[in-house]
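These notes concern the structure reproduced below.
Heavy-atom basis, side chains included; hydrogens, waters and symmetry copies ignored. Proteins come first, then strands; the chains are lettered A, B, ... in the order of their sequence lines, and each starts at number 1.
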Protein chains: 2
Amino acid sequence: MNQSRKNHLDERARIIKAMAHPTRLFIIEELEKEERCVCDLTEEIGADVSTVSKHLSVLKQAGIVIDDKRGNQVFYRLRVPCILNFFGCVESVLESNAREHAALFEFTGK
Amino acid sequence: MNQSRKNHLDERARIIKAMAHPTRLFIIEELEKEERCVCDLTEEIGADVSTVSKHLSVLKQAGIVIDDKRGNQVFYRLRVPCILNFFGCVESVLESNAREHAALFEFTGK
DNA sequence: TGGCTTTTTGGTATAATTGCCAAATACTAA
DNA sequence: TTAGTATTTGGCAATTATACCAAAAAGCCA
């Protein structure tokens with residue numbers, strides 16, 4: 001594997017890793033609807049503000065969200081509009097897993 | 001956040017997390033072309049066989065790949081055909097990041 | 001069977017992630 | 001300036017991920 005390909009894989013993994021957490025997926029889903037301030041997200045998520053702030057920081061570092069300070073609040077929104085489509089494939093893996101599980105149940109009864 | 005949504009987020013995060021590693025992205029890319037045995041992947045990746053085997057196990061657990069034993073070799077292939085599209089969005093994030101970086105360079109010279 | 005190849009599993013050391021608390025920072029408004 | 005609100009940062013403990021080596025398991029063939 002050459003260095004250029006390795007770098008490219010590292011970059012992509014970094015972005016995907018930024019999405020690989022339930023709370024951060026939640027944030028992405030919410031931001032698909034409309035921008036949110038940290039306080040609103042914190043309330044919806046039900047974790048410590050500092051935790052939510054760090055999740056947002058991970059998403060921002062990866063280039064997935066962008067922030068906008070207005071008054072003493074910080075509003076976040078998606079930076080790239082295609083994230084919704086992004087999850088289409090994840091869903092089809094999930095559905096495929098579910099189908100397999102159901103078939104296995106049919107067969108073994110477990 | 002209700003329990004059903006939380007479960008759904010957990011499942012999706014698990015699948016995305018399975019992709020969130022450079023070596024596993026490499027494997028997915030290679031399997032897009034055609035199925036591969038563990039030995040071929042190991043040679044291309046240049047890590048210990050046991051390491052590659054464990055990466056494959058992660059992908060299999062997530063339902064992303066499927067294995068097929070033939071003789072004393074095990075061949076892996078993608079289980080869901082849409083993974084290639086999946087990366088379209090990751091690319092656009094990367095390109096967006098690159099553009100921003102270039103613009104910043106124009107502006108600050110750094 | 002015995003030797004060979006391929007793959008997986010167990011063990012272990014190291015590194016990265018996560019979540020909370022406490023403290024710092026930034027801004028508003030009185 | 002002082003008090004109050006919103007957010008970020010530093011520090012720390014607990015958990016999880018990663019990579020390697022050694023050994024086990026599974027299959028081939030002489």
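Not one side-chain nitrogen or oxygen of A/Arg70 sits closer than 4.0 Å to the OP1 or OP2 atom of C/dC27. At the phosphate of D/dA19, OP1 or OP2 sits under 4.0 Å from a side-chain N or O atom of B/His55.
When rounded to the nearest whole Å, the span between CZ of A/Arg24 and C1' of C/dG19 equals 12 Å. In this structure, B/Leu9 places its CG atom 15 Å from P of C/dT18, rounding to the nearest Å. Between the NZ atom of B/Lys60 and the P atom of C/dT7 there is a distance of 13 Å, rounded to whole Å. Atom CG in B/Leu59 sits roughly 11 Å away from atom P in D/dT18 (whole-Å rounding). Residue B/Ile45 contributes atom CD1, which lies 14 Å from atom C1' of D/dT18 at whole-angstrom precision. Taking atom CD of residue B/Glu35 and atom P of nucleotide C/dT7, one finds them 12 Å apart after rounding to whole Å. Rounded to an integer number of Å, the gap from CG of A/Asp10 to C1' of D/dT18 is 14 Å.
Annotation: A/Glu43, atom CD; neighbour count of heavy atoms from other residues, nucleotides and ligands within 6.0 Å does not exceed 12.
Among the atoms of the strands shown, only primed sugar atoms or phosphate atoms (P, OP1, OP2) are found under 4.0 Å from some heavy atom of A/Lys17.
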B/S/- along nucleotides 3-9 of chain D (protein heavy atoms under 4.0 Å) is --BSSBB
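No donor-acceptor pair closer than 3.5 Å links the side chain of A/Arg36 to the backbone N or O of A/Ile27.
We find that B/Glu44 and A/Arg5 are not joined by a salt bridge, their nearest charged nitrogen and carboxylate oxygen being 4.0 Å or further apart.
In terms of heavy-atom proximity, B/Pro22 sits nearest to A/Asp10 at CG-OD1, 3.1 Å. Closest non-hydrogen pair, B/Ile15 versus B/Ile64, comes out as O-CD1, 3.9 Å.
Summarising the geometry, atom CZ belonging to B/Phe75 is positioned 12.0 Å from atom CG belonging to B/Asp67; distances are rounded to the nearest 0.5 Å.
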